[in-house]
Each structure stands twice: as C-alpha cells, then as structure tokens.
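Structure first, commentary second.
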Amino acid sequence: MSEKKVRVRFAPSPTGALHIGGVRTALYNYLFARQQGGELIFRIEDTDSNRFVPGAEEYIIESFRWLGIKFDEGVSFGGDKGPYRQSERREIYKQYVQQLLEAGKAYIAFDTPEELEAKRNEIQNFQYDARTRGLMRNSLTMSKKEVDDLIADGKQYVVRFKIEPGEEVLVDDLIRGEVRIKTDILDDKVLYKSADELPTYHLANIVDDHLMEVTHVIRGEEWLPSAPLHVLLYRAFGWADTMPRFAHLPLLLKPEGKGKLSKRDGDRLGFPVFPLEWHDPKSGEVSSGYRESGYFPEALVNFLALLGWNPGTEQEVFTMDELIKAFDISRCSKAGAKFDYKKGIWFNHEYILNSPAEKIAELFAPIVANNGIDATMEQVIKVTAMMKDRVNFVSELWPLCSFFFIAPEQYDEKTVKKRWKENSAQVMMELVDVLDGIDDFTIEGQEPVVMAWVQSKEYKLGDVMNAFRLCLVGEGKGPGMFDISAFLGKQETIKRIKKAVEVLG
RNA sequence: GGUGGGUUCAUCUAGUGGCCUAGGAUACCGGCCUCUCACGCCGGGUACACGGGUUCGACUCCCGUACCCACUACCA
C-alpha cells in the first residue's frame with residue numbers, strides 16, 4: 001500500500017539481563033528490517049524509574065554486538081529522531097498528554113493506590129472504566145476549580161485514557177489475522193503519572209512509534225491484549241492513517257512442564273537463558289550466558305530463528321544473510337514453543353562441523369595453553385582437524401584429546417582387560433623395532449610398513465592396533481592410530497609403547 | 001472469574017479440502033562404517049486434543065467441549 005520505508009524497533013526495559021525470548025523478538029525485527037531494506041531502531045523504555053537496573057542497558061547493547069544484530073539508530077547508535085531513551089523525552093510526552101486532555105479523550109484522576117485497592121476489595125472485578133469512573137475522584141466527577149486547586153496544592157495525580165464503551169476494535173495482526181475486542185471490557189488505562197512526570201508504557205510507546213515513524217510493531221504475544229488500546233490511542237491522536245502494522249510473536253515456553261520459560265528452568269536443566277553472563281548488581285547472583293557457555297553467536301541466532309518460524313523448506317542451517325533472505329513474518333507460528341535447548345546444542349555442533357579447523361583451533365589454542373601445554377599453532381590445528389567434528393562445544397575438545405600432548409599416566413582398566421592380551425607386550429616390543437626402522441614417520445610412511453609386518457606375522461590387526469592404541473592413548477578412543485603416532489613422532493611413540501609394556505607387562 | 005490467543009510424533013515443526021497409509025529435524029533406540037571411541041550414513045517408534053456438523057471427501061472450513069498460554073498494575 002504505502003511506499004514508506006520500513007522502520008521497526010526493539011525497545012527493551014533496562015530491568016536486568018536480556019531474556020532469550022527478547023533476543024528472538026529483536027532478531028525477528030532485525031531480519032524483517034534487513035529484508036525489507038528498512039531500518040531497526042533501539043529504544044530504551046525506562047518509564048518505570050523503580051525498576052531501573054544499572055548496567056542493563058550496556059548489557060543489552062553488548063549482547064546484540066556479540067550476536068551480530070545491528071541497529072541503524074537509537075541509544076548509542078545515533079539517529080535524528082532521538083532522544084531514544086524515554087526518560088529523556090518527558091517534555092514530549094507532556095505535550096501529547098495535554099493534547100488528549102484538551103480533546104476530552106483523557107482525564108485526570110486523583111485516586112490514590114490505597115483508594116483503588118479499597119475499591120477492588122469493595123467491588124468484585126472492579127475495573128476503572130465507563131461504569132465506575134463516575135464513582136471515583138477525577139476531573140469527570142469534580143469541578144474544574146477543584147481539580148485546579150488540587151493540582152496547585154501539589155496533589156499527585158494520573159491521567160487516564162477515556163475508553164468509550166459499545167465499540168468493537170479491530171486489530172489486524174500479521175501473524176494472527178483479525179482480532180476483535182469490545183471496548184466494554186477495556187479499562188481506563190493510566191497514561192501518565194505526575195509523581196515522576198513520566199508516561200506509562202502505552203502512551204510512550206504510541207507517541208514514540210509515531211514520532212519515530214515506525215511502520216511495523218513486532219513484539220511478544222503478551223502485548224496482544226493491549227493492542228486494541230493502542231489502536232484506540234492512535235485514533236485519539238488522529239494518527240490512524242499512519243498506524244503501524246502489528247505482529248504478535250508466540251512465547252517461549254518451559255522445555256518440560258507448563259508455563260513460560262524462566263531462568264530457573266535453565267538452572268535446573270543446565271542451559272543459559274541469557275545471551276551473555278549476567279551479574280545481578282543487587283543480589284550479586286551470576287547467571288550463565290550463551291557466549292560463556294561456548295555457543296557460537298551464529299548457532300544461537302540460527303536456533304532462535306527456527307523457534308517459532310520456519311522457511312517452509314527443509315533447510316535448517318542458515319547464515320544470517322540466508323535468514324534475511326528467507327524470513328517471512330507470516331510464516332511465524334501462532335502457538336507458544338517449548339524451548340528445545342537440545343536442538344540449540346545440535347546447531348552448535350553443525351557450526352563446528354562447518355567451520356574450518358583453523359577457526360576452531362584459534363578458540364582451542366588458549367585452552368591448550370591453560371593446561372600448561374606449550375604447543376605450536378600448527379600442532380593445535382592438526383589436533384583440532386582430527387577431533388573437532390566429534391564435539392558440540394570447543395570446551396569438550398580438551399578432555400577428548402589431551403593425550404596428544406600428555407603421555408598416559410595410567411591405563412583404563414576396562415580397556416586393558418579387553419585389549420591387552422597375553423602376548424601384547426611381546427608384540428608391542430616387536431612393533432617398536434618395526435617403527436624404529438621407519439624413516440618417513442608420516443601416516444603414509446608408517447601404514448604400509450606396519451601393515452605388512454602384521455600380515456607377515458599373521459597377527460590379527462585388531463589385536464595389534466588396539467594394544468597400540470592403549471599404549472599411546474591410555475584408553476580405547478581417538479582417531480586413526482597412524483594419525484596419532486604420526487602426530488606424536490617416532491621418539492614419543494616408541495617411548496609410550498615401552499612405558500606401557502613396562503607398566504602392563 | 002472475565003477477555004483474547006492457541007492446540008499435528010517426547011520436542012521444534014511441514015501441511016491453506018483430495019498429492020497424507022501425515023513429511024523433515026532434534027532427542028532416543030537399532031544397524032552400517034571401522035584398528036577403538038566418536039563423527040557420519042541408513043533404519044525404527046502408539047502424532048492430526050475431543051465431540052458434533054458442512055462436504056462426494058477434513059489435519060485442513062464451521063460450532064461446542066476440554067486443556068494450555070497471555071492479559072486483567074500509577075510494570076513493561
């Protein structure tokens with residue numbers, strides 16, 4: 001319809017670490033913006049001064065930097081529609097609140113929280129609306145003078161939106177289709193609080209989205225019930241013709257059991273619910289993050305993108321660019337998705353599989369060094385190339401391949417029992433002689449010679465190789481035997497065999 | 001309680017009236033590969049919430065019931 005440039009926003013409250021569901025919402029906004037050639041705005045919704053948590057804003061920005069989700073404007077990103085922090089937009093909101101007041105579309109209410117609480121106890125299912133506002137202390141029931149005097153007196157008040165009953169509001173949702181709600185069941189929402197001179201979410205959201213020329217509001221399903229209120233606000237301001245389109249995303253649910261995904265589920269089942277490690281400044285509590293747990297940002301993004309959306313093809317592994325091309329908001333599912341964290345692990349495995357050994361080795365090298373090993377980068381790359389496809393996380397690499405760098409101190413009991421035969425010691429000593437005679441100790445140099453010897457002696461290949469493995473590794477695991485011996489070199493290989501023969505006899 | 005949203009394998013999901021004896025992926029189990037352990041490959045399993053319609057025909061459309069989720073704050 002319109003030729004307007006697509007503009008979307010992600011607007012978190014700085015009340016703590018960014019929840020994984022929020023990350024997904026931001027990702028969908030990003031994919032949509034990029035695909036449409038539009039822009040993504042980062043706005044901070046800090047209209048609740050009581051819930052502000054220091055460091056949260058920086059945490060959120062750093063999270064997106066790590067994930068590769070880039071904003072075009074907003075807090076810390078520049079732009080000419082700022083300020084992008086709602087606490088810095090007080091004067092703007094005041095002006096629009098005034099506009100609503102003057103048009104008779106909102107009114108001032110003096111009821112204290114205690115009075116409201118009393119009313120709720122007095123009347124069951126009490127709701128501040130057309131039926132009850134005549135019973136309350138507000139500018140609808142008081143004279144203008146009374147109201148002016150109270151304000152002049154410094155009495156605290158709120159501004160409430162005057163909802164007219166008897167109407168049906170239509171919300172046209174990109175994911176859910178047409179949702180209709182009767183205004184009778186809506187309450188006169190608080191739009192502004194004089195106490196901190198700040199609006200509530202609803203007012204700030206509409207004013208900012210309008211002023212920032214937002215064209216699509218992509219947010220969590222928890223906002224669906226208040227979407228009609230937002231539609232009504234656009235109308236009250238006379239902005240109905242430029243009202244953004246809405247898309248309400250399904251929620252992320254607990255992996256097992258009922259309810260929405262919480263931090264406790266992560267702690268219990270052993271997966272992070274935050275992108276980065278979070279240190280709560282109040283409680284001092286530390287929560288694990290995907291980054292610190294060894295996930296690749298690309299894998300997390302890929303995993304999250306497929307949780308609640310699918311391309312309609314059988315492709316599952318996507319780069320960010322591929323996601324941008326394939327994304328289609330109308331293909332988002334409507335039902336909440338249980339958080340399938342095991343699939344997230346699989347995605348990480350896929351990324352390791354598809355990454356060159358050099359890249360994984362860069363991450364593995366510090367781990368090798370931390371274990372007190374003085375290895376060259378070339379050695380680390382060699383080991384990584386042999387072992388990386390077997391793990392889900394880089395951190396799993398070391399326990400699997402420390403034997404490349406450290407000779408076994410002891411020999412796994414079960415493997416000894418199974419693989420160390422009567423004549424193993426003798427065969428291994430023969431093998432030492434065979435190996436000692438090989439000048440070219442590469443895989444290609446060793447293999448034919450050793451194989452020929454095994455054949456000539458009519459030994460069983462398995463018996464020789466498994467005993468050989470036990471000598472070099474200390475247990476029955478690892479890549480091909482000649483890969484290991486070639487890496488170790490002639491001297492170390494022979495040394496380990498002799499040591500094993502000595503210990504195992 | 002009220003309002004809105006939702007309901008396909010254990011899990012994420014494909015499916016827009018006949019292509020569905022319901023497809024893919026994860027997890028699990030089994031096999032293959034093989035000098036071991038993995039990886040990989042191949043294979044396996046009791047899924048359309050239930051009940052009524054509409055229709056020649058329903059997983060797909062309509063109604064009801066059940067269950068789940070969200071919202072119901074001077075929080076977002």
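Order of the sequence lines fixes the chain letters, A, B, ..., with proteins taken first and strands second; residue numbering starts at 1 for each chain.
B/A58 and B/A49: their C1' atoms are spaced 16 Å apart (whole Å). Spacing of C1' atoms, B/U65 relative to B/C29, comes out at 38 Å, to the nearest Å. The separation of B/G6 from B/U46, taken at their P atoms, amounts to 32 Å, rounded to a whole angstrom. B/U72 sits 29 Å from B/U11 when the P atoms are compared, rounded to a whole Å. A distance of about 4 Å separates the C1' atoms of B/C9 and B/A47, rounded to the whole Å. Rounded to whole Å, the separation between the P atoms of B/U21 and B/U60 comes to 15 Å. Between B/C19 and B/U7, the two C1' atoms lie 25 Å apart (nearest whole Å). Only the C1' atoms considered, B/U54 is 45 Å distant from B/A76, to the nearest whole Å.
Every residue meeting the side-chain hydrogen bond (donor to acceptor under 3.5 Å, both in side chains) condition with A/Asp111, not counting sequence neighbours, appears here in chain and number order: A/Tyr128. Shown here are the side chain to side chain contact (heavy atoms under 4.5 Å, CB included) partners of A/Leu363, two or more places apart in sequence or in another chain: A/Phe296, A/Val394. Shown here are the side chain to side chain contact (heavy atoms under 4.5 Å, CB included) partners of A/Lys382, two or more places apart in sequence or in another chain: A/Glu378, A/Phe487. For A/Ser194, the side chain to side chain contact (heavy atoms under 4.5 Å, CB included) partners two or more places apart in sequence, or in a different chain, are A/Gln156, A/Tyr157. Listed by chain and number, the residues in a side-chain hydrogen bond (donor to acceptor under 3.5 Å, both in side chains) with A/Tyr107 are A/Asp188 (sequence neighbours excluded). Applying the salt bridge (Lys or Arg N to Asp or Glu O under 4.0 Å) criterion to A/Asp187, with sequence neighbours excluded, gives A/Lys189. The side-chain hydrogen bond (donor to acceptor under 3.5 Å, both in side chains) search around A/Glu168 returns none, not counting sequence neighbours.
In this structure B/U72 sits in a base pair with B/G1, meeting the Watson-Crick or G-U test at under 3.5 Å. Figure legend. B/C61 is base-paired to B/G53; pairs are counted as Watson-Crick or G-U wobble with both atom distances under 3.5 Å. When both pairing distances are held under 3.5 Å, B/A66 makes a Watson-Crick or G-U pair with B/U7. Across every strand in view, B/A22 sits unpaired, with no contact that passes the Watson-Crick or G-U test at under 3.5 angstrom. Taking a pair to require two hydrogen-bonding distances under 3.5 Å in either a Watson-Crick or a G-U wobble arrangement, B/U46 remains unpaired. Nucleotide B/G40: paired with B/C32 (Watson-Crick or G-U wobble, both distances less than 3.5 Å). The nucleotide B/A27 finds no pairing partner, because no Watson-Crick or G-U wobble arrangement with both distances shorter than 3.5 Å includes it.
Atoms CZ (A/Phe403) and P (B/A38) sit 14 Å apart, rounded to a whole Å. When rounded to the nearest whole Å, the span between CD of A/Glu256 and C1' of B/U26 equals 16 Å. One can place CH2 of A/Trp420 at 15 Å from C1' of B/C35, the figure rounded to the nearest angstrom. Taking atom CZ of A/Phe246 as the reference point, atom C1' of B/G5 lies 16 Å away to the nearest angstrom. In this entry the distance linking NZ of A/Lys334 with P of B/G4 reads 17 Å, nearest Å. A/Lys119 places its NZ atom 15 Å from the P atom of B/C74, with the value rounded to the nearest Å. Separating the NZ atom of A/Lys260 from the C1' atom of B/G6 is a distance of 16 Å, rounded to the nearest angstrom. Between A/Met386 atom CE and B/U36 atom C1' there is a gap of 15 Å when expressed in whole angstrom units.
You'll find that the side chain of A/Lys342 is closest to B/A27, out of B/U3, B/A27, B/U72. Which of B/U26, B/C39, B/C75 sits closest to the side chain of A/Leu353 comes down to B/C39. Comparing B/C74, B/C39, B/C35 against the side chain of A/Met481 picks out B/C35 as the nearest.
Across all strands shown, A/Val158 has heavy atoms under 4.0 Å from base atoms, whether or not it also approaches the sugar-phosphate. Residue contacts for A/Asp187: at a heavy-atom cut-off of 4.0 Å it reaches no nucleic acid atom on any strand shown. Among the protein residues, A/Pro479 comes within range of the nucleic acid bases, having at least one heavy atom under 4.0 Å from a base atom.
Position along RNA chain B of the nearest nucleotide to A/Arg176 versus A/Phe126 favours A/Arg176 as the more 5'-ward residue. Across the interface with RNA chain B, nearest-nucleotide mapping of A/Glu178 and A/Leu461 shows A/Glu178 to be the residue nearer the 5′ end.
Remark: A/Lys258 is in phosphate contact with B/C68, judged by side-chain N or O atoms under 4.0 Å from OP1 or OP2. At B/G40, one or more side-chain N or O atoms of A/His349 fall inside 4.0 Å of OP1 or OP2 (strictly under the cut-off). Phosphate proximity of B/C75 to A/Lys193: present, with a side-chain N or O under 4.0 Å from OP1 or OP2. Residue A/Arg180 places none of its side-chain N or O atoms closer than 4.0 Å to OP1 or OP2 of B/G4. Between B/A76 and A/Thr47, a contact under 4.0 Å exists linking OP1 or OP2 to a side-chain N or O.
The residue from A/Asp48, A/Asp208, A/Asp46 that alone fulfils the side chain to side chain donor-acceptor pair (under 3.5 Å) condition with A/Gln86 is A/Asp208. Among A/Phe274, A/Phe303, A/Tyr295, A/Trp278, the one residue that satisfies the ring pair (Phe, Tyr, Trp, His ring centres under 6.0 Å) test with A/Tyr290 is A/Tyr295. For the side chain to side chain donor-acceptor pair (under 3.5 Å) criterion with A/Asp173, the lone passing option out of A/Lys334, A/His248, A/Arg245 is A/His248.
Between A/Ser333 and A/Ile175, the shortest heavy-atom contact is O-CG2, 4.1 Å.
Residue-environment remark: CD (A/Gln124) stays at or below the threshold of 12 foreign heavy atoms within 6.0 Å.
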- Note on the structure: Each nucleotide of nucleotides 42-50 of chain B classed B (base within 4.0 Å of a protein heavy atom), S (only sugar-phosphate) or -, in 5' to 3' order, makes ---------
- Item | Nucleic acid footprint by protein, nucleotides 8-14 of chain B - heavy-atom cut-off 4.0 Å, B for base, S for sugar-phosphate alone | ---BBSS
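RNA chain B is contacted by A/Glu221, A/Glu222, A/Trp223, A/Leu224, A/Pro225 of residues 218-225 of chain A, taking any non-hydrogen atom closer than 4.0 Å.
Geometrically, A/Arg90 does not engage A/Tyr93 in a cation-pi contact, judged by NZ or CZ lying under 6.0 Å from the ring centre and within 45° of the ring axis.
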Please tabulate, for the side chains in residues 11-20 of chain A, all donor-acceptor contacts under 3.5 angstrom to protein atoms that are two or more places apart in sequence or on a different chain.
residue	atom	partner	partner atom	Å
A/Ser13	OG	A/Glu45	O	3.0
A/His19	ND1	A/Gly21	N	2.9
A/His19	NE2	A/Leu261	O	3.4

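For residues 411-426 of chain A, the salt bridge (Lys or Arg N to Asp or Glu O under 4.0 Å) pairs, not counting sequence neighbours, are A/Lys421-A/Asp463.
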